[in-house]
Protein chains: 2
Amino acid sequence: MGKILIKNCTIIPISGSVIESGVIAINNDRIHYLGPESGLPTDWKADTTINAEDMVALPGFVNSHTHAAMTLLRSYADDLPLKPWLEEKIWPQEAKLTREDIYWGTKLALLEMIRSGTTTFADMYFQMDKVAEAVVESGLRASLSQGLIGVQDANEERLNTGISLVKDWHGAGEGRITTMLGPHAPYTCTPEYLTKVADKAAKLGVGLHIHLAETKDEIENIKAQYGYTPIALADKLGLFSLPVLAAHCVHLTTDEVNIIAEKKVGVAHCPESNLKLASGIAPVADMISAGIPVAIGTDGASSNNNLDMLEEMHIAALLAKGTTGDPTVIDAHQALTMATLNGAKALGLDKEIGSLEVGKKADIILINKKQPHWMPLHDVEANIVYAAKGSDIDTVIVNGQVIMSGGEVRTLDVNEIFNYVVKRAREM
Amino acid sequence: MGKILIKNCTIIPISGSVIESGVIAINNDRIHYLGPESGLPTDWKADTTINAEDMVALPGFVNSHTHAAMTLLRSYADDLPLKPWLEEKIWPQEAKLTREDIYWGTKLALLEMIRSGTTTFADMYFQMDKVAEAVVESGLRASLSQGLIGVQDANEERLNTGISLVKDWHGAGEGRITTMLGPHAPYTCTPEYLTKVADKAAKLGVGLHIHLAETKDEIENIKAQYGYTPIALADKLGLFSLPVLAAHCVHLTTDEVNIIAEKKVGVAHCPESNLKLASGIAPVADMISAGIPVAIGTDGASSNNNLDMLEEMHIAALLAKGTTGDPTVIDAHQALTMATLNGAKALGLDKEIGSLEVGKKADIILINKKQPHWMPLHDVEANIVYAAKGSDIDTVIVNGQVIMSGGEVRTLDVNEIFNYVVKRAREM
């Protein structure tokens with residue numbers, strides 16, 4: 001860390017107007033100044049200067065729902081109905097994943113996320129201490145939760161593992177790691193277990209990361225079993241008195257949209273995973289109308305099959321227009337806000353990240369605009385949302401540390417990761 | 001041209017099974033051999049050898065519907081309702097485009113298309129002789145048609161311009177250019193004009209490129225005016241006795257799907273443009289069930305806002321699953337077929353291109369699979385469709401000529417193009 005000056009770039013702060021050409025000054029882990037170069041105090045001297053004249057500076061993307069280590073199962077099973085996909089393909093392989101596999105699979109995910117401009121992600125999986133180790137090394141920021149299944153024998157042991165993650169890792173990596181408890185879903189946790197987990201979370205002072213209302217089957221089964229839809233059940237059980245990050249929210253009634261808005265539930269919209277598994281299309285326009293700051297997530301690489309937030313944001317915007325018949329729904333600025341500041345809100349981190357503001361953490365990406373598909377440049381926000389690719393990301397800064405420069409990730413050994421996953425995949 | 005040997009790569013011929021490691025031998029403009037290296041005749045010697053061990057070879061993408069020069073209007077107007085978008089933004093600027101603008105705007109499009117793996121495209125615009133010039137220089141293959149508006153005074157003159165394009169340019173660029181007549185749409189051409197254009201096309205021995213059934217408004221207006229939906233009207237007027245490339249086909253009845261199948265109309269599915277303009281979502285799964293070899297197009301950069309066929313194919317596959325509720329619809333192989341061989345069929349070029357087969361033209365792309373988002377490699381076709389990016393394209397060969405290598409386009413001067421379009425955009 002130290003003092004970094006990013007010069008001559010277009011700046012999209014998200015929370016304010018686009019600055020056509022300006023500078024960003026970073027003091028250790030925080031943004032010290034941003035604006036025209038003339039406004040920078042003359043006594044402030046940088047240790048490192050980045051000349052970013054072909055670049056656009058933006059807050060890093062917040063991927064609000066992932067299962068990082070599932071990169072190991074990327075393209076392992078596709079174009080299948082949900083049941084055989086899970087039961088015959090994904091679950092049997094997941095059961096064989098070792099702690100080392102989780103570590104290296106996560107590292108592969110981190111590499112892909114850094115390369116495509118993600119600076120923070122919310123991850124739910126198992127062996128999460130290995131995930132935390134990888135995150136600390138990578139320099140990324142993450143909100144981690146152990147996935148808790150509460151319908152089998154080992155549910156108590158699992159909860160303890162989830163609690164240990166919070167106790168051992170919350171605040172690690174210079175504060176880059178935060179934690180939640182991760183009750184998997186209403187169809188994998190009993191109401192009693194959900195309540196128990198929520199109580200523990202309240203005592204620990206953390207939130208919950210959960211899958212809610214992903215498929216029609218889930219809605220029907222939960223309703224048949226408990227007499228409530230998943231959102232209404234979670235509300236009735238008191239889960240929403242805590243900060244909740246709810247992944248998917250595909251099938252919602254108007255009442256449920258209102259519950260989500262009123263209780264300030266964070267929504268991780270995962271359009272590609274929902275399309276690919278044929279779960280459906282979330283009513284994002286309705287949620288936005290109700291004032292919900294919808295965030296965006298990629299879900300795991302086995303149902304996406306990539307972790308590229310630019311692509312996810314692009315599809316989210318297009319899909320909302322195409323399904324509502326209204327081309328003004330989710331404009332470019334709103335799409336960018338969903339992928340950054342709304343992500344930070346959903347993770348409870350918007351006081352620290354999600355926009356470029358003086359005093360916030362320096363989580364910044366630089367996008368190279370000198371590319372054929374960026375020309376000409378009539379509207380920088382529209383170019384990012386509708387024309388840019390993940391490969392346009394040149395530089396990634398997290399917590400004031402440059403973790404990628406010129407497309408080269410500095411914190412991870414690419415060959416070491418490739419060697420492990422290629423070898424491991426051969427055994428599958 | 002000459003003899004090129006591509007070695008050690010995974011080959012996806014589209015028309016046959018994936019070859020895990022093989023070679024492709026090119027003799028001048030055609031594929032001489034593909035398969036295991038041991039099967040290559042020992043007396044065949046290459047002038048140039050490409051070691052492609054981290055690559056996947058695939059037929060180049062066929063972008064079946066574009067307005068290339070509209071790159072000049074990329075992100076010029078977004079997130080607007082169709083009418084003000086067209087009337088207040090796009091048309092006024094289009095009216096000011098000079099012949100030079102068309103030439104350079106097209107070159108920018110060609111650069112973007114080559115970079116993302118397109119080897120053939122079907123373009124409809126105006127000043128098409130300037131487009132043809134740019135295509136010949138670039139080394140790409142294209143099916144070109146002058147857009148014909150047939151409700152105003154100059155319709156006769158326009159038709160003559162369209163006919164001149166056929167006479168002057170069909171077969172140019174060592175046969176890389178083919179032509180069609182391009183009656184714009186039933187809402188911009190009277191039935192009399194459509195018939196006249198079709199008669200001319202029949203005499204010239206070329207097909208028609210037309211927009212059909214793009215929006216609900218179009219359907220309602222054409223029905224009110226003529227008593228038939230656009231597809232039924234085109235059929236009644238005899239257009240489908242010619243080879244027809246129909247862009248969009250978003251709103252179709254079952255009868256219309258059957259007409260399209262029976263008359264072998266080529267369909268250019270443009271999912272991103274249809275979503276972005278909120279036109280709707282084409283019933284691709286129904287068309288495929290009816291045996292229609294649906295092709296994929298990006299449409300112009302002003303309504304997309306990019307010309308990346310990998311992205312377009314990806315969205316086409318996801319959208320079909322998500323809207324039908326069936327994750328098995330459009331599997332990875334089918335998506336690849338849509339973006340290659342079906343495109344060739346829609347352009348009437350499938351005897352020459354669209355798959356890798358001995359005797360076909362050597363239109364081949366090499367995709368670099370040594371990337372984080374490609375790891376591990378359980379299924380090469382799924383990785384291309386669901387995980388790859390346009391920037392993964394390393395090498396592009398058209399008609400046996402290497403027009404891009406290592407991501408560098410050899411046939412176009414990037415800076416010259418950038419300088420022109422940046423300067424031109426400032427005046428808009």
Side-chain angles (χ1 to χ4, degrees), chain A residues 71-76 78-82 85 108 111-112 115-116 272 274-281 301 304-308 311 315 318-319 321-329 331-332 370 372-373 375-379 382-383 386-387 389-391 414 417-418 421-422 424-425 428, chain B residues 71-76 78-82 85 108 111-112 115-116 272 274-281 301 304-308 311 315 318-319 321-329 331-332 370 372-373 375-379 382-383 386-387 389-391 414 417-418 421-422 424-425 428:
Chain A
T71 50
L72 293 171
L73 299 172
R74 187 199 316 274
S75 304
Y76 177 70
D78 300 283
D79 311 316
L80 290 173
L82 189 65
W85 178 73
L108 177 62
L111 186 59
E112 183 184 354
R115 287 264 299 245
S116 49
E272 290 199 85
N274 298 154
L275 288 173
K276 185 155 185 287
L277 298 176
S279 306
I281 297 171
N304 187 310
N305 300 351
N306 65 71
L307 306 174
D308 183 337
E311 183 181 291
I315 291 188
L318 293 185
L319 206 54
K321 298 171 196 296
T323 52
T324 57
D326 179 357
T328 70
V329 165
D331 64 17
K370 205 171 180 185
H373 55 279
M375 298 275 170
L377 210 169
H378 291 297
D379 181 328
N383 265 8
Y386 302 122
K389 300 185 212 296
S391 51
V414 176
I417 297 169
F418 284 3
V421 298
V422 167
R424 181 64 183 85
M428 288 184 177
Chain B
T71 51
L72 292 171
L73 300 171
R74 187 201 314 274
S75 303
Y76 177 71
D78 299 284
D79 311 316
L80 291 173
L82 190 67
W85 178 73
L108 176 62
L111 186 58
E112 184 184 354
R115 288 264 297 247
S116 48
E272 290 200 83
N274 298 155
L275 289 172
K276 185 154 185 287
L277 299 176
S279 306
I281 298 171
N304 186 311
N305 301 353
N306 64 71
L307 307 174
D308 183 337
E311 184 181 290
I315 292 188
L318 293 185
L319 207 54
K321 296 170 196 299
T323 52
T324 57
D326 180 357
T328 69
V329 165
D331 64 18
K370 206 171 180 185
H373 55 280
M375 298 276 169
L377 211 169
H378 292 297
D379 181 329
N383 266 7
Y386 303 121
K389 300 185 212 296
S391 51
V414 175
I417 296 169
F418 284 4
V421 298
V422 168
R424 181 64 183 87
M428 288 184 176

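Here is the naming used below: chain letters follow the sequence lines, and residue numbers restart at 1 for every chain.
- Between chain B and the options A:G322, A:P327, A:S116, heavy-atom pairs under 4.5 Å are most frequent for A:P327.
- Two residues are said to be in side-chain contact when any heavy atoms from C-beta on lie closer than 4.5 Å; B:V422 and A:M375 meet this criterion.
- Contacts with chain B were tallied for A:G280, A:S279, A:A425; A:A425 has the most, counting heavy-atom pairs under 4.5 Å.
- Interface check for chain B: of the options A:L307, A:T71, A:D331, A:L275, the most heavy-atom pairs under 4.5 Å are formed by A:L275.
- Your options are A:V421, A:L72, A:N304, A:T323, and the one with the most heavy-atom pairs under 4.5 Å with chain B is A:L72.
- Contacts of B:R115 with chain A are made by side-chain atoms alone, with heavy-atom separations under 4.5 Å and no backbone atom involved.
- Considering every non-hydrogen atom in both A:P372 and B:L108, the closest pair reads O-CD1, 3.6 Å.
- B:A278 and A:G325 get closest at one heavy-atom pair: CB-C, 3.4 Å.
- Counting heavy atoms from C-beta outward, B:L377 and A:S75 have side chains that stay 4.5 Å or more apart.
- Within the 4.5 Å cutoff, the side chain of A:P81 has heavy atoms near those of the B:T328 side chain.
- Atom NE2 of A:H378 and atom CG of B:D78 lie 10.0 Å apart (nearest 0.5 Å).
- Looking at A:N305, A:N306, A:D79 one by one, the single match for side chain to side chain donor-acceptor pair (under 3.5 Å) with B:Y386 turns out to be A:D79.
- In this view, A:L80 and A:A77, A:W85, A:K89 satisfy the side chain to side chain contact (heavy atoms under 4.5 Å, CB included) rule, not counting sequence neighbours.
- The two residues B:E112 and A:H373 come nearest to each other via the heavy atoms OE2-CB, 3.3 Å.
- Looking at B:I315, the atoms closer than 4.5 Å to chain A (heavy atoms on both sides) all sit in the side chain, from C-beta outward.
- Rounding to the nearest 0.5 angstrom, the gap separating the CG atom in A:L277 from the NZ atom in B:K321 is 9.5 Å.
- Proximity to chain A (any heavy atom under 4.5 Å) is restricted, for B:I281, to the side chain, taken from C-beta onward.
- Listed by chain and residue number, B:A285, B:A320, B:T324, B:D326 satisfy the side chain to side chain contact (heavy atoms under 4.5 Å, CB included) test with B:V329 (two or more places apart in sequence, or in another chain).
- Side-chain contact between B:D308 and A:K389 is present, with heavy atoms from C-beta onward closer than 4.5 Å.
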